[in-house]
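A short worksheet on the structure shown next.
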Amino acid sequence: MTPEEVGRRVIALLAPVEATASVSGGQAHARGTVDVPPTAWADTLRAVRDDAELACDFFDWLSAVDELAGGFDIVVHLWSTRHRHGVLLRTRVPRETPTVASVVDVFPGAAWHERETHEMFGVDFAGHRGLTPLLLPPEFEGHPLRKEFVLASRVAKPWPGAKEPGESEAGGGRRAVRPPGVPAPGEWGTVPAPAGPVTVGDGPRGGPARAPRERPARPAGAAPPRTSRSGAAGDGPARDDRGGDEGGTA
């Protein structure tokens with residue numbers, strides 16, 4: 001079925017419930033998308049799963065989208081392992097009372113996704129018996145994926161990409177921006193050893209510094225002999241570039 005046919009089939013299954021069909025994405029990623037009222041949320045997923053023409057028996061993922069004053073869109077993607085087509089189902093809940101029915105009884109795999117959505121967006125799933133913290137510590141307050149949630153790290157330190165690459169609120173002009181986790185020049189690799197005895201902490205990142213390597217002094221006017229590369233082992237005494245045999249008289 002094409003994405004348009006999938007959308008029309010869902011609308012026919014839900015009648016007389018008011019629903020709207022559209023297409024999300026494009027080309028190979030196009031998906032039939034159907035917006036349904038919150039009261040028909042669980043029934044819609046059950047109908048799409050049990051219908052022979054749709055047969056969307058595989059639960060892919062569930063999440064939410066913060067639409068600010070508009071509330072929260074709850075989005076689920078289902079896939080048919082038999083017909084090889086998918087469908088996106090959406091419903092919108094008000095911001096003041098973000099509650100929708102749980103679909104764990106329809107797709108048990110939705111339990112983890114509903115817990116994460118509850119934790120990150122503050123959406124309640126009625127009937128879910130285990131909406132406990134999943135990713136955040138128990139003492140964490142707030143829902144970090146809501147758009148009004150203030151990230152403390154952005155308050156303490158301006159994000160260097162707040163304007164354009166190389167600019168930030170902290171200073172004017174353009175400068176090179178290092179990727180996250182890359183140390184500044186001089187904080188990585190070997191550095192000259194300080195004077196005096198070497199101790200732990202003199203090197204970069206608290207490691208021991210290396211003393212510079214010393215070479216033996218060369219006598220004034222002396223040039224090191226260079227052996228010819230043309231001779232092979234066993235071919236006789238090697239000759240240096242000044243024409244004399246090693247150990248002989250020039």
Side-chain angles (χ1 to χ4, degrees), residues 1-131 134-135 143-149:
M1 299 176 70
T2 65
E4 292 80 6
E5 292 172 340
V6 169
R8 289 194 293 268
R9 180 59 184 173
V10 176
I11 295 295
L13 290 174
L14 297 180
V17 175
E18 294 184 2
T20 304
S22 59
V23 176
S24 301
Q27 298 180 358
H29 303 285
R31 288 288 181 271
T33 304
V34 181
D35 292 277
V36 301
T39 54
W41 180 241
D43 292 338
T44 300
L45 271 70
R46 185 176 290 104
V48 170
R49 182 197 64 181
D50 297 340
D51 180 66
E53 293 186 28
L54 294 175
C56 292
D57 55 344
F58 180 79
F59 176 91
D60 191 3
W61 55 265
L62 179 148
S63 189
V65 179
D66 188 350
E67 298 293 350
L68 295 176
F72 297 95
D73 279 344
I74 313 301
V75 189
V76 66
H77 181 251
L78 305 178
W79 180 258
S80 173
T81 58
R82 184 189 312 167
H83 303 304
R84 314 300 295 175
H85 60 231
V87 61
L88 278 171
L89 301 175
R90 292 186 305 205
T91 191
R92 179 168 293 188
V93 295
R95 197 173 197 84
E96 297 76 16
T97 56
T99 303
V100 69
S102 173
V103 294
V104 173
D105 292 341
V106 183
F107 290 102
W112 188 95
H113 299 254
E114 290 184 352
R115 285 177 61 191
E116 182 191 38
T117 305
H118 170 74
E119 187 174 30
M120 294 296 171
F121 292 92
V123 176
D124 290 326
F125 292 89
H128 195 298
R129 292 176 292 274
L131 292 178
L134 180 67
L135 304 175
H143 307 287
L145 289 188
R146 287 193 174 195
K147 291 182 178 179
E148 78 271 10
F149 187 86

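Note that these values count all heavy atoms, side chains included, but never hydrogens, waters or copies made by symmetry.
- You'll find the side chain of Leu134 stays beyond 4.5 Å of the side chain of His118, heavy atoms only.
- Remark: the backbone N or O of Cys56 is not paired with any side-chain donor or acceptor of Arg49 at under 3.5 angstrom.
- Remark: Leu62 CG to Leu89 CG distance equals 10.0 Å, nearest 0.5 Å.
- In this structure, CD1 on Ile74 lies 8.0 Å from CZ on Phe121, to the nearest 0.5 angstrom.
- Arg95 contributes a side-chain N or O that, together with a main-chain N or O of Leu68, makes up a donor-acceptor pair within less than 3.5 Å.
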* List the steps and the verdict of side chain to side chain contact (heavy atoms under 4.5 Å, CB included) for Trp41 and Val93. => CA-CA 11 Å; Trp41 180 241; Val93 295; over 6 Å; no
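- Between Gly86 and Val6, the shortest heavy-atom distance links the atoms O-CG1, 4.0 Å.
- Closest of all the heavy-atom pairs between Ser22 and Arg90 is OG-NH2, 4.3 Å.
- Considering only heavy atoms from C-beta on, Phe72 stays 4.5 Å or farther from Thr117 through its side chain.
- Considering only residues two or more places apart in sequence or on other chains, Asp50 meets the salt bridge (Lys or Arg N to Asp or Glu O under 4.0 Å) condition with none of them.
- In this structure the side chain of Ser63 never reaches within 4.5 angstrom of the side chain of His113, judged on heavy atoms.
- Summarising the geometry of Ala101 relative to Ala42, their closest heavy-atom pair is CB-CB, 4.4 Å, with the distance given to 0.1 Å.
- In terms of heavy atoms, Ser80 sits closest to Asp57 at CA-OD1, 3.8 Å.
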* For the pair Leu145 and Asp66, evaluate side chain to side chain contact (heavy atoms under 4.5 Å, CB included) and give the outcome as yes or no after the intermediate values. => CA-CA 8 Å; Leu145 289 188; Asp66 188 350; over 6 Å; no
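- In this structure a side-chain-to-backbone donor-acceptor pair under 3.5 Å is present from Thr33 to Arg31.
- Taking all atoms of both residues into account, the shortest heavy-atom contact from Ala19 to Leu14 is CB-CD1, 4.1 Å.
- Note: His85 and His83 have parallel aromatic rings, judged against thresholds of 30 and 60 degrees for the angle between ring planes.
- Annotation: side chain to side chain donor-acceptor pair (under 3.5 Å) contacts involving residues 7-21, sequence neighbours excluded, comprise Arg9-Asp51.
- In this structure, Glu114 contributes its side chain and Val103 its backbone to a donor-acceptor pair below 3.5 Å.
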* Yes or no on side chain to side chain contact (heavy atoms under 4.5 Å, CB included) for Arg129 and Val104, after CA distance, side-chain angles and deciding distance? -> CA-CA 10 Å; Arg129 292 176 292 274; Val104 173; 5.8 Å; no
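- Using bins of under 30°, 30° to 60° and over 60° for the plane-to-plane angle, the ring pair Trp61/His77 lands in the parallel bin.
- Side-chain atoms of Val87 and Leu54, non-hydrogen and from C-beta on, never get closer than 4.5 Å to each other.
- Side-chain contact check for Leu78 versus Phe58: every heavy-atom pair is 4.5 Å or farther apart.
- Each of Val36, Thr39, Val76 was scored for a side-chain contact (heavy atoms from CB on, under 4.5 Å) with Thr91, with one residue passing: Val36.
- Separating the CD atom in Glu53 from the CD atom in Glu5 is a distance of 9.5 Å, to the nearest 0.5 Å.
- The shortest heavy-atom contact between Gly122 and Pro98 is O-CG, 3.5 Å.
- Phe149 places none of its side-chain heavy atoms less than 4.5 Å from the side chain of His143.
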